Structures are given as C-alpha cells and as structure tokens.
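Data block below; observations after.
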Amino acid sequence: MTAPGVSKGSAIRSIAQKYGIGLDRCMMVGDGENDLQAMAVVGHTVAMGNAEVAVLAAAQHRVGHVDEGGLIEALELARQL
C-alpha cells in the first residue's frame, strides 16, 4: 500500500533528481504491470523473459527469464548503454 501519487515511476524520478542523473540515463527492468509507470519515465526499458505481455510490449530490450540469469543479462546491458 502506498500513498496517493506514489509509484515506482515517482520513486525513480525522485532518486534520479537527488543524484543529478537524467531520466534518459536511467534503466528499468520489469516483469509485471506494476513496473509500467516506472518504465514510462526512464530512457532504457528492459523486460524479463518471464514478463507479462504489456511489459514485453513496452520494453526496448528483453533479457532471459529471472530464474535463468535474466537479471545478470540486464546488468550487463546497463554497462553497454
């Protein structure tokens, strides 16, 4: 449960601002519809292989299933971007 107006997207905005990082340089890795608000505000979007259809459609990149090292793939991708 979160306060009205609080979401993963607002959290990313707040953290990026605090550290002086442009949202275009931020990456979001998601697998559920609750990740879509955050994916909408960042410059780089990644869907896990086990992601819901809406997340797959919203993502610029796709990595493997979470149980098969997909997060490691996402971290490697972040180093390249």
Side-chain angles (χ1 to χ4, degrees):
M1 187 174 264
T2 58
V6 175
S7 67
K8 289 182 180 184
S10 66
I12 288 176
R13 281 190 195 101
S14 178
I15 293 167
Q17 182 180 10
K18 178 177 177 141
Y19 288 98
I21 300 169
L23 289 169
D24 61 321
R25 295 185 55 217
C26 294
M27 183 172 97
M28 175 63 186
V29 181
D31 62 359
E33 289 196 27
N34 64 330
D35 297 319
L36 290 173
Q37 286 183 324
M39 292 176 85
V41 301
V42 300
H44 305 282
T45 55
V46 182
M48 299 298 296
N50 56 292
E52 296 176 13
V53 173
V55 177
L56 291 169
Q60 299 161 318
H61 305 278
R62 182 177 179 176
V63 294
H65 190 286
V66 67
D67 293 336
E68 298 170 356
L71 187 55
I72 293 170
E73 289 179 55
L75 293 171
E76 290 171 352
L77 176 64
R79 291 180 60 180
Q80 298 170 16
L81 299 175

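Note that this is a predicted model, so its numbers are computed, not measured.
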Of the non-hydrogen atoms in [X] and [Y], which two are nearest, and what is the gap between them?
X     : Y     : value
Gly70 : Val63 : O-CG2, 3.3 Å
Ser10 : Gly5  : OG-O, 3.6 Å
Gln60 : Gly43 : OE1-O, 3.2 Å
Ala51 : Gly30 : CB-O, 4.0 Å

Discussion item. For a side-chain contact (heavy atoms from CB on, under 4.5 Å) check, start with the C-alpha distance between Lys8 and Met28, then their side-chain angles and the critical distance, and finish with the verdict.
Written reply: CA-CA 10 Å; Lys8 289 182 180 184; Met28 175 63 186; 4.3 Å; yes
Can you tell if the side chain of [X] reaches within under 4.5 Å of the side chain of [Y], non-hydrogen atoms only?
X     : Y     : value
Ile12 : Leu23 : yes
His61 : Leu77 : yes
Glu52 : Glu33 : yes
Val42 : Met27 : no
Glu73 : Glu68 : no
Val46 : Arg62 : no

Item to complete: Might you confirm whether atom CD1 of Ile72 has over 12 heavy atoms from other residues, nucleotides or ligands at distances under 6.0 Å?
Response: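 Incorrect, the count does not exceed 12.
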Discussion item. How about CD on Gln17, more than 12 heavy atoms from neighbouring residues, nucleotides or ligands closer than 6.0 Å, or not?
Written reply: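 At most 12 heavy atoms, drawn from other residues, nucleotides or ligands, come within 6.0 Å of this atom.
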Worksheet item: Roughly how far, to the nearest 0.5 Å, is CG of Leu56 from OG1 of Thr45?
Response: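 So the gap between those two atoms works out to 11.0 Å.
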Fill in: Separation between CZ of Arg13 and OG of Ser7, rounded to the nearest 0.5 Å
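Going from the CZ atom of Arg13 to the OG atom of Ser7 covers 6.5 Å.
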Worksheet item: According to a 4.5 Å side-chain heavy-atom criterion applied to Ile, Leu, Val, Met, Phe, Trp and Tyr, with indirect links allowed, do Leu36 and Met48 form part of one hydrophobic cluster?
Response: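 Different clusters: Leu36 never reaches Met48 through Ile, Leu, Val, Met, Phe, Trp or Tyr contacts under 4.5 Å.
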Worksheet item: Between Val29 and Ile15, is there a shared hydrophobic cluster once you connect ILVMFWY residues whose side-chain heavy atoms come closer than 4.5 Å?
Response: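 No: no chain of side-chain contacts under 4.5 Å links Val29 to Ile15.
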